[in-house]
**Student:** 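The structure's right below; bear with me while I get my questions together.
All heavy atoms count here, side chains included; hydrogens, waters and symmetry mates do not. Below, read A as the first sequence line, B as the second, and so on, with proteins coming before strands; counting in each chain starts at 1.
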Protein chains: 2
Amino acid sequence: MEIRFDLCASLSLRDPQETELGRKIIENSIVLIDSIGFESFTFKKLAVQIGSTEKSIYRYFENKHFLLLFLTSWYWEWVKYLIEINIKNIESAPRKLKIAIQNLVTATAENPGNKYINENLLHRLVVQEGGKAYHIYGVDDENKAGMFLSYKKLVKLVADIILEIDPKFKYSLSLSSNLFEMANNQIFFAEHLPKLSSVASGKKMNTNLIDMLWYFSAKILNQDLSVSK
Amino acid sequence: MEIRFDLCASLSLRDPQETELGRKIIENSIVLIDSIGFESFTFKKLAVQIGSTEKSIYRYFENKHFLLLFLTSWYWEWVKYLIEINIKNIESAPRKLKIAIQNLVTATAENPGNKYINENLLHRLVVQEGGKAYHIYGVDDENKAGMFLSYKKLVKLVADIILEIDPKFKYSLSLSSNLFEMANNQIFFAEHLPKLSSVASGKKMNTNLIDMLWYFSAKILNQDLSVSK
DNA sequence: CTTTTATGATAGTAATACTGTCATAAACAA
DNA sequence: TTGTTTATGACAGTATTACTATCATAAAAG
């Protein structure tokens, strides 16, 4: 089994999912960025790691920013895919929201969906570096070019579940985007700046974070806290 | 009137608030980063703008990362200062929280507190680039060195107000940090990725954002929505 | 069997992110 | 007053980064 997502074409010069070298670039860039950080990451270092050349990587991605955008977009598509398959055939909207929260926090399936993408590592990368994909000077142009569609579709998916729960709720988009942002942020805080978070890192972090996000959402949406047990 | 904050000493090699050149560095770095973005910003460009040299700027800051950290720390101290003077003599804890929200969203005083720091520009800078101050590879070491104390103190201040409202509330730190993160994030989304936010950019953005943050907080804390009118 | 396409090898350039040295002017101390 | 720190500027230099260009070759496609 090999999951492929159709990401915005302008993210890459050539689709890296289609070639051996392309997949090597994806696989190893995740490992390398995770291990040395996005700022120290260069195409030169990646080229050395995969036994290729800088130039060959530049044939796939204009620069490292677009590579990061590709990786985060792939991640959001993956989370959307997980949520969609897991809420299938579920009737209750609050239940769907709880499932969405579970999936956006853990972002892992029982069976990995892909041979060359380590979803756990990618999740950690998005927690650490994800915001840099859009906190950039050219955000408006890139948005016009459709480069943030994956994230927008995902936020819309959850916002629609929220509207199913309460069609009159005024803040569905903000609550939805905040769930994604807050989930990643609180994981980052728990692991690096624990004074900024009420959830502690460790074995029970994900469970506690899911409980908290559900608590916040249920309160805001006037839902019974136990409804989705 | 000239506000000075005692920021963590290791943020800078020399306190820029004390010298003419130092204040020029602060003043112009805010303008320059805001206009070209943090990635394109270099000490060379800043040196040219202020008629100094790269080397002289390096005598104040190790590199541009620490300059950004200095600016964001100054900003968080400034917001903390605003909140503190505005909740003085207020009895009602929910009222205090509402005032805190108003201040963290607008982050401006009637009278600017400083001649060489443009607080409005700095606010915009923190919205755009603030997260990059701690989403870095060396976050743990810098945290040990006390470099995020300003933000942690601010989050604690608001978390304590939350505990005043409900001493049994389990998520005071996360609710507090999320208020700060969400405020900046939703401003960024409203202005650049409007599909991700329920608040629209424009004249009423701040008011709507304050209402939303208060709505979320009040719901989560079981407070009357109108209590702090 | 030819032609396209992808990659690798190699080279080169401007800018970035620094570090080092020295001269000088201003501030401060004896 | 003189002597001495201290801050800045002027200038030089280096390794790395972020690219772009050219050419040879091997594999895939027609």
**Student:** OP1 or OP2 of dT17(D) versus the side-chain N and O atoms of K45(A): is any pair under 4.0 Å?
**Tutor:**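 Answer yes for this pair, as a side-chain N or O of K45(A) is under 4.0 Å from OP1 or OP2.
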
**Student:** Write down the atom of G37(B), the atom of E129(B), and the distance for their closest heavy-atom approach.
**Tutor:** CA-OE2, 3.7 Å

**Student:** Given Y134(A) and F189(B), is the ring-ring contact (aromatic ring centres under 6.0 Å, His included) satisfied, shown in steps?
**Tutor:** CA-CA 10 Å; Y134(A) 51 79; F189(B) 289 160; 5.8 Å; yes

**Student:** Find the distance L13(A):CG to dC19(D):P and express it as a whole number of Å.
**Tutor:**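 Going from L13(A) (CG) to dC19(D) (P), I get 12 Å.
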
**Student:** Please determine if a side-chain N or O atom of Y60(B) lies less than 4.0 Å away from the OP1 or OP2 oxygen of dT8(D).
**Tutor:** yes

**Student:** Rounded off to whole Å, could you give me the NZ-to-P distance for the K24(A) and dA6(C) pair?
**Tutor:**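 In whole Å, dA6(C) P and K24(A) NZ are 17 Å from each other.
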
**Student:** What is the distance from NZ of K44(A) to C1' of dT10(C), rounded to the nearest Å?
**Tutor:**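 Distance check: K44(A) NZ to dT10(C) C1' gives 10 Å.
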
**Student:** Regarding E39(A) and K132(A), does a basic nitrogen lie under 4.0 Å from an acidic carboxylate oxygen?
**Tutor:**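 Yes.
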
**Student:** Record whether the side chain of K55(A) comes under 3.5 Å of the base of dG8(C) through a donor-acceptor pair of N or O atoms.
**Tutor:** no

**Student:** If you check every side-chain atom of E54(B), which of dA10(D), dA18(D), dC18(C) has the closest atom?
**Tutor:** dC18(C)

**Student:** Pick base, sugar-phosphate or nothing for F61(B), based on heavy-atom distances below 4.0 Å to the nucleic acid.
**Tutor:**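 No contact.
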
**Student:** Does dT8(D) have OP1 or OP2 sitting under 4.0 Å from an N or O in the side chain of T19(B)?
**Tutor:** yes

**Student:** Can you check the H65(A) NE2 to dC19(D) C1' distance for me, whole Å?
**Tutor:** 16 Å

**Student:** Using whole Å, what does the distance between atom P of nucleotide dA27(D) and atom CD of E18(A) come to?
**Tutor:**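 Result: 21 Å.
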
**Student:** Scan Y58(B) against the nucleic acid and name what it touches under 4.0 Å (heavy atoms): base, sugar-phosphate only, or nothing.
**Tutor:** base

**Student:** Strictly below 4.0 Å: does S56(B) bring a side-chain N or O up to OP1 or OP2 of dA10(D)?
**Tutor:** no

**Student:** Check this for me, if you would: do K153(B) and E77(B) make a salt bridge, where the nitrogen-to-carboxylate-oxygen distance has to be below 4.0 angstrom?
**Tutor:**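 Between E77(B) and K153(B) there is a salt bridge, with a charged N closer than 4.0 Å to a carboxylate O.
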
**Student:** Does T53(B) have a side-chain nitrogen or oxygen under 4.0 Å from the phosphate oxygens OP1 or OP2 of dA10(D)?
**Tutor:**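 Result: no.
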
**Student:** Ignoring backbone atoms, test whether R14(A) places a side-chain nitrogen or oxygen under 4.0 Å from the OP1 or OP2 oxygen of dA6(C).
**Tutor:**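 For dA6(C), OP1/OP2 do have a side-chain N/O of R14(A) under 4.0 Å.
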
**Student:** Distance check needed: dA27(C) C1' versus E20(B) CD, whole Å only.
**Tutor:**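 Between C1' of dA27(C) and CD of E20(B): 15 Å.
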
**Student:** Taking NZ from K64(A) and C1' from dT16(D), how many angstroms apart are they, rounded to a whole number?
**Tutor:**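 These atoms are roughly 12 Å apart.
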
**Student:** Rounded to whole Å, how long is the line connecting atom CD of E39(B) with atom P of dA17(C)?
**Tutor:** 10 Å

**Student:** I'd like to know if E84(B) and K80(B) make a salt bridge, using a cut-off of under 4.0 Å between side-chain N and carboxylate O.
**Tutor:**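 K80(B) and E84(B): salt-bridged.
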
